[in-house]
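Atoms within a ligand are numbered from 1 in the order they appear, just like the ligands themselves. Basis for what follows: all heavy atoms, side chains included, without hydrogens, waters or symmetry-related copies. All values derive from a computational prediction rather than experimental measurement.
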Amino acid sequence: MRILVTGACGFVGSTMITHWLTQGSDYQFVGLDNLQRPGSDINREKLQRLGVELYHGDLRHASDLAVLPKVDFVIDAAANPSVLAGLGDRGQSRQLVEHNLIGTLNLLEYCRTHQAGLVLLSTSRVYSIEHLTALPLTVAEHAFTLDTASLDASLSATVSSLGINERFSTQAPISLYGATKLASETMALEYGKTFGLPIWINRCGVMAGAGQFARADQGIFSFWVHRWAENKPLRYIGFGGHGHQVRDCLHPADLCKLVEKQLAESVESDKPRLVNVSGGIASAMSLAQLSQWCADRFTPEQVGKDDADRPFDLPWVVLDHSLATKTWGWQPTISTTQILEQLAAFAMDHPQWLKATGGDR
Ligand SMILES: NC(=O)c1ccc[n+]([C@@H]2O[C@H](COP(=O)([O-])OP(=O)(O)OC[C@H]3O[C@@H](n4cnc5c(N)ncnc54)[C@H](O)[C@@H]3O)[C@@H](O)[C@H]2O)c1
């Protein structure tokens, strides 16, 4: 099977391709990337050494897709993936929409031309900020935890101690980033239905692993571990400045195992087209707990506090992946501790990683 990976030189795209090629998969890869993300050029060289057919192109330009060879499936891992993206006042919001939504549209036209399937990597950021911030939480072991006893009955079908499921509200506001992803999901489902294309949408929770580019607003596990390893200052922002905010954590190699099943499914499949894909509650961790892990792994350090809340910050985001498990027999297998250890070892081997990949700003 020939597969086009967009954002091939990004963290998720390059990790997935490398995982498959080093596991002896017989997929053939074509990669596309505009190399806009600092650090993506490092992955370009690695992928070239693995023999990946790479194209320097931009999803915003349909003509960059027109020159690509025909493939059977596309995995879309190209985006500006930050929840703070598009907030600048010099046309950045339009740029975000062009990258993340017009890019998807151009890709869907490419899929239509070649009758290719699409795996779209979406995000937990499609879920309603208002509804997420209204969830009842308590604090236990330095982490927010869902107070299920105080949960409104109307929410019990959409969130549980396992996390937020696919029926949770996607009502705006969800951030500009979330909106481009939610709109991309809708367009992809429509193209799939209208033109008979196999479309799979994976709403991914936070992903992490060695080699991830990291900034405070994107790639938080990697950012935290690298900054700790490089002795750079860290701050708990918002929610009283205690670091109680919680995320789950998934390694892209686990995502590969689900995508393999989706690639092998027939176009007539009646399986749900959209699932949450996450490390789930078993992988969830607060920033304060992450700091404790870093203090044990490296040396103890003082974390600063800034209790001013920022727009789009959320206290507790854990995705319930039960539907993916039930539908595909899929489970994440790589624990958060294994992911953190992988990150820490990588950080020790790459002491200038944040500088090289734009994470020191
Ligand atoms: N990393 C996460 O925690 C996470 C969580 C949920 C969803 N996702 C989604 O997974 C996908 C991959 O994320 P990532 O963490 O690898 O991000 P990344 O920034 O590491 O990689 C994205 C890559 O896409 C490229 N790119 C951006 N715009 C492009 C365009 N217009 N044309 C061509 N290439 C372009 C960048 O240069 C970069 O190499 C994104 O769609 C993101 O929304 C990521």
For atom 7 (C) of ligand 1, what is the nearest protein heavy atom, given as residue, atom name and distance?
S122 O, 3.1 Å
Decide whether N80 and Q95 meet the rule of one side-chain donor and one side-chain acceptor closer than 3.5 Å.
no
Heavy-atom contact under 4.0 Å between V206 and ligand 1?
yes
Would you call G57 a ligand 1 contact, heavy-atom distance under 4.0 Å?
yes
Kindly assign one of parallel, tilted or perpendicular to the pair W20 and F29, based on the angle between their ring planes and the thresholds 30° and 60°.
parallel
Could you check whether the rings of W293 and F298 sit parallel, tilted or perpendicular, using 30° and 60° as the cut-offs?
perpendicular
Record the part of N100 in heavy-atom contact with ligand 1 below 4.0 Å; permitted values are side chain, backbone, both and neither.
neither
I'd like to know if K181 contacts ligand 1, where contact means a heavy-atom distance under 4.0 Å to any ligand atom.
yes
Can you tell me which portion of R125 lies within the under-4.0 Å heavy-atom range of ligand 1? Options are side chain, backbone, both, or neither.
neither
Which one holds for F221 and ligand 1: side chain close, backbone close, both close, or neither close, with close meaning a heavy atom under 4.0 Å?
neither
What do you reckon, does Q212 put a non-hydrogen atom under 4.0 Å from ligand 1?
yes
How does F213 reach ligand 1, by side chain, by backbone, by both or by neither, if only non-hydrogen atoms under 4.0 Å count?
side chain
For the residue pair H251 / Q338, report whether a side-chain donor-acceptor contact shorter than 3.5 Å exists.
no
Please assess D248 against S283 for the test side-chain hydrogen bond (donor to acceptor under 3.5 Å, both in side chains), listing each intermediate value before the final yes or no.
CA-CA 5 Å; D248 56 14; S283 71; 4.9 Å; no
With a 3.5 Å cut-off and no angle check, do the side chains of D217 and Y177 form a donor-acceptor pair?
no
May I ask you to identify the nearest protein heavy atom to atom 22 (C) of ligand 1, giving residue, atom name and distance to one decimal place in Å?
A77 O, 3.6 Å
